[in-house]
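Inspection log for the structure reproduced underneath, given as structure tokens.
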Amino acid sequence: SSGSPKFTSADDEFTFQPLGRIQYDFGTTSGSSYDGAGVGDRNISGTEFRRLRLGVQGQLTDPILYKVELDFANSDIGVRDAYIATQKDFALGQGVVYLGNKFADRSLDGRTSSKYIWFLDRNAVADAISPESGYYNMGTSAEFYGDDDWHLSLGVSKGSFGGSDNDSDNLTVLSRGHFNPLVTDNSMLHVGAWGFYEDFSRGKQPELTDNLRFASHFNDNVRVYGDTVEQPETSTGYGFELAGLTGPVAASAEYGRREIDSRVAADTDYDAYSAQIGYSLTGEAFGYSTKNGVWSAPDIAEPVTDGGWGAWQVMARYDALDYENSGNYAGGTGHGTTLGLSWYLNNYTRFMLNWINWDTHNRVPIVGDPGDREFIGSDDGNTVSARAQVIF
Amino acid sequence: SSGSPKFTSADDEFTFQPLGRIQYDFGTTSGSSYDGAGVGDRNISGTEFRRLRLGVQGQLTDPILYKVELDFANSDIGVRDAYIATQKDFALGQGVVYLGNKFADRSLDGRTSSKYIWFLDRNAVADAISPESGYYNMGTSAEFYGDDDWHLSLGVSKGSFGGSDNDSDNLTVLSRGHFNPLVTDNSMLHVGAWGFYEDFSRGKQPELTDNLRFASHFNDNVRVYGDTVEQPETSTGYGFELAGLTGPVAASAEYGRREIDSRVAADTDYDAYSAQIGYSLTGEAFGYSTKNGVWSAPDIAEPVTDGGWGAWQVMARYDALDYENSGNYAGGTGHGTTLGLSWYLNNYTRFMLNWINWDTHNRVPIVGDPGDREFIGSDDGNTVSARAQVIF
Amino acid sequence: SSGSPKFTSADDEFTFQPLGRIQYDFGTTSGSSYDGAGVGDRNISGTEFRRLRLGVQGQLTDPILYKVELDFANSDIGVRDAYIATQKDFALGQGVVYLGNKFADRSLDGRTSSKYIWFLDRNAVADAISPESGYYNMGTSAEFYGDDDWHLSLGVSKGSFGGSDNDSDNLTVLSRGHFNPLVTDNSMLHVGAWGFYEDFSRGKQPELTDNLRFASHFNDNVRVYGDTVEQPETSTGYGFELAGLTGPVAASAEYGRREIDSRVAADTDYDAYSAQIGYSLTGEAFGYSTKNGVWSAPDIAEPVTDGGWGAWQVMARYDALDYENSGNYAGGTGHGTTLGLSWYLNNYTRFMLNWINWDTHNRVPIVGDPGDREFIGSDDGNTVSARAQVIF
């Protein structure tokens, strides 16, 4: 059930529902062992809205659906889901087609809603092994949800927001599937795979540089960054997912790899992997959806707002990112161990606490950063971060 | 009827209704015969959200009305209608007064809602023969809707969004009227005229440059552009409208002209005209409102969502724009022939397909464009564009 | 009662309510006696949206509350209230705790909602004696509303919107309290005090410059500005409030002072005071809330929309701001006398008219302004401004 009212016309043909999501985060980093200039900039603390979303979704006579969701957290407009969709039932399951901007289907953690990710940030595979189009697919996509615990999706993207309309857009093709070889009342096994192909526009993508924050989203200075790829031509990426849960225990592991071909230089590639395990102190299973193979909300036995304890989960994760895999490319490396606590007060409210021990090694300056923030070399330290979340 | 719920208080004094509009466009241009540098930049393709609007409207006890509508398509904030209004019935018809930002009444195609325009973009008269304040009037405006198929409006604008508040705003006065000499069950004749006067602020408008995209909105490189007018002082513009429909056939023609007086140079002027004809393959009449003289939604006999064909329309349009009319001013010229197909699935959903054959001739570089995009000279080519639209 | 519908679930556990606020302002300044270049830039006129807000608030099972309110008036995103809250009743009154971004509790006029301030802009104490975090507190805050006409609040802020996440945020602690020694059916006396302490981040706040508009918000050129404080370290501020009303008469006075300590230069301080008096032509009392000690909406006996006169109020205010109090700091001074008329048509609609006689004296150029707007020296003049407002 949702925390916002859903309005339905008398004939059930029209629906309308507002949507919202508030994530307010705190982050503090300490113990950076960096020995260059600007070490003080690595041990910083503060708060930010990580997500601040409002939106609407509805039906305009069956089977025409729409959704618009905007994110205002950065004091600018982030368009998230914004699409027209239609769906149809088939003998093997349900098919849905989307036209517009749609949350992309890539990686187990990457496809899991930010409402239900285990930690404050997604894992290194989801964040780093990504096409330039990122977490959203602007174009068309189709998903098929099999009746027997599997799904398959295909997305084709060619478009961008706020672009100058002076160049062709990149073309991206993305696919993911999963199936559950085992599903019982209190356990499941998940196997998944995904891949993407990008054909870069010369004008829109004259160069390409990737990076990843390793000490919470708040800290923009502690990142692992790749070297710049000049004149990228195409890119391919893929990943594998394995997950399972039994009773109060859940675990997953992911691996991903991306290769980038340049028009003028040697090809390069990088990879990442991540594994996580969780235990529910209050006994209920971790939430999981067999429909599209993602983590979801736990089933909270006794919400705090009914006098209970809510749901308490403890989690641990290890992340590794290697931007220098190919050797042709002066990319950095990073590793992180995260311990997490997640407290669902009820279905709409959640508090999270994370502790990250990270180490990073960079070989080139961050593109576009001022000279006093050229954090080349090795560093390690600790970050504590926390989140207050409501969804409606 | 609307695709969103309208809430009304028990005493009918309060109403509240959310509003939305999604237009997602594809555009691809080919065959540019431009022989200068950067010809590749003219044959580009991609997608964009053309409009992505959310808003609310309502009544705060009769007769106080309000509306706020925002456009997020460009990843920034575009404020559209944002006003306080009141209305009153008189012997001859109904009067409405608006305070704030209001969709301006100028040109048949210009005043037609983007929900119901025949092609993806409005015609050259509506887009080019415009005051600097554009499609919205920030100030006050009044409209009178006569009982006998006529209307007259007057708007006074002095204001701007996101301005630096360091200078006085331009003053713009705008008026339009129409009447229908013939209205029957399956036909009508429309005659309209409009004009505007602008008094430019020295500080806000030290110079003025106009331009118009000719190969779909997506393609920012194929434009016709005027020369820069230094220190404009005042401007006047006017236009004439003729339209009619009978059975499944509809047609209209518009002419417009604008003159700009400079404080330091010779006056200049330019003009545009456009004619269009449409035929409904499914037989229903083209939508038209005798209230304010604009194109509107067709009456769809059998929506696709009820198992029918919806409404299918085919259209053709010719546009001509002449920025060099006066000779004092090195403006460009452009011509375009557009063929269009419009498919209304139901009252809320529409797909459109356009093919444009365009030719442009420019004499000065586009202001502010980089050197490799100074498209001086002649060019012609073809553009295919498409739109998916839902409104609620 | 509110102008927007409030939706409540059948079990009363969930509520959802949209919110909106439109303030459309006109301003014209004349008679500037400035004898430097650019005097014409001081006598300017135009209109702007002062506030254009949409938001939602609700409950996600008792006692979890949320609110999100955004301002679009400047064609960018201004996040206003955006918080998760909870409340609890105690023997002495009610306590509320907020997490996120919350309208700060500082100064009588400063805490009064912009819906109910007497004049178009708040007084000099509220606007100038402010921490750098401004009118909102991003962090956590707690308010306690005593049953016997008093309240006390404490806010701790460390966060910012749209920040680069490259530096620690400033830390700000803010507190305010009030009590009403006298409350009868048609009179009250108000005593209040507030204070704040700021600890500046070296990275986020390498320097600090304050300024205040004196000729309406529209006119950005007529301001009083302080000199730049290099490397500020900490700041403290405080203020006192006195107010009362009896029958149709209301009055208040405020004083505030802020001291800023620099890491590299002498400390500086500045102060402001303001006094205002109002009379209700239609007889009803000025609105005031004993809960948190702020001005509020009047109780309108006969709304215009019911055929009455609404509520008419006339007001006068004197403001003084002295940025050069300490002598260590080449700040400016300003004085203003404002006469105001406020017409509440009903609880949702209000028109306001202000006339301001102002004089300013500046000793340094405005930071960041172009050379032709370096308004150093003395000036005085008159400004007429007006507002149309609806709230829902």
Side-chain angles (χ1 to χ4, degrees), chain A residues 5-10 13-18 54-72 75-86 98-101 138-140 156-171 201-204, chain B residues 1-7 17-29 38 40-49 52-54 70-78 213 216-221 303-306 345-351 369-370 372-373 388-392:
Chain A
K6 179 175 177 178
F7 305 101
T8 305
S9 64
E13 287 290 327
F14 294 89
T15 67
F16 179 86
Q17 186 176 28
L54 294 176
V56 292
Q57 64 185 7
Q59 176 178 289
L60 296 167
T61 75
D62 181 40
I64 298 175
L65 307 166
Y66 68 88
K67 186 175 175 187
V68 177
E69 192 172 27
L70 305 166
D71 198 316
F72 303 100
S75 280
D76 60 7
I77 295 295
V79 179
R80 304 299 181 241
D81 278 342
Y83 57 71
I84 306 167
T86 188
Y98 302 88
L99 205 52
N101 206 45
M138 187 163 160
T140 183
V156 179
S157 168
K158 188 177 178 69
S160 58
F161 278 101
S164 57
D165 290 353
N166 285 122
D167 297 293
S168 287
D169 290 308
N170 294 340
L171 173 73
S201 161
R202 282 175 189 270
K204 274 249 155 98
Chain B
S1 82
S2 171
S4 65
K6 180 175 176 177
F7 305 101
Q17 186 175 29
L19 301 168
R21 188 179 310 182
I22 304 177
Q23 293 182 341
Y24 176 58
D25 285 13
F26 166 78
T28 183
T29 296
D41 288 337
R42 296 177 75 84
N43 293 321
I44 62 176
S45 53
T47 67
E48 64 174 351
F49 281 83
L52 185 60
R53 293 196 190 168
L54 294 176
L70 305 166
D71 198 315
F72 302 100
N74 295 315
S75 280
D76 61 8
I77 296 295
R213 294 176 183 185
S216 84
H217 183 270
F218 173 79
N219 193 326
D220 197 43
N221 295 323
V304 170
T305 45
D306 290 350
L345 284 73
N346 59 13
N347 290 323
Y348 319 99
T349 318
R350 183 191 190 189
F351 291 102
D369 271 13
D372 61 350
R373 286 179 179 147
Q389 169 180 304
V390 294
I391 55 178
F392 54 93

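Every chain is numbered from 1 and lettered A, B, ... according to where its sequence line falls, protein lines coming before strand lines. This is a predicted model, so every value here is computed, not measured.
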One option among B:T28, B:L52, B:N219 has the most heavy-atom pairs under 4.5 Å with chain A, and it is B:L52
Under 4.5 Å to a heavy atom of chain B? For A:I64 that would be side chain
Per-residue tally against chain A (heavy atom, under 4.5 Å) across B:I22, B:D306, B:N43 peaks at B:I22
So CZ of A:F161 and CZ of B:F72: to nearest 0.5 Å the spacing works out to 12.0 Å
Are B:L54 and A:L70 side-chain neighbours, meaning at least one heavy-atom pair lies under 4.5 Å?
yes
Note to self: Quick check against the 3.5 Å criterion: does A:S168 have a side-chain atom that pairs as donor or acceptor with the backbone of B:G46?
What the structure shows: no
Here the gap from A:I77 atom CD1 to B:D76 atom CG, rounded to the nearest 0.5 Å, amounts to 8.0 Å
Residues passing the ring pair (Phe, Tyr, Trp, His ring centres under 6.0 Å) test with B:F392, sequence neighbours excluded, are A:Y66
Bottom line for B:T305: the part with an atom under 4.5 Å from chain A's heavy atoms is both
The side chain to side chain donor-acceptor pair (under 3.5 Å) partners of B:S75 (sequence neighbours excluded) come to none
Cut-off 4.5 Å, heavy atoms of chain A, and the answer for B:R42 is neither
dist B:Y348:OH -> A:I84:CD1 (nearest 0.5 Å) comes out at 15.0 Å
Quick one: do A:V68 and B:F49 satisfy side chain to side chain contact (heavy atoms under 4.5 Å, CB included)? Show the steps, please. CA-CA 12 Å; A:V68 177; B:F49 281 83; over 6 Å; no
Honestly, the part of A:N170 sitting under 4.5 Å from a heavy atom of chain B is neither
Between B:D41 and A:D167, is there a side-chain heavy-atom distance shorter than 4.5 Å? yes
Rounded to the nearest 0.5 Å, the NZ atom of A:K158 sits from the CZ atom of B:F26 at a distance of 7.5 Å
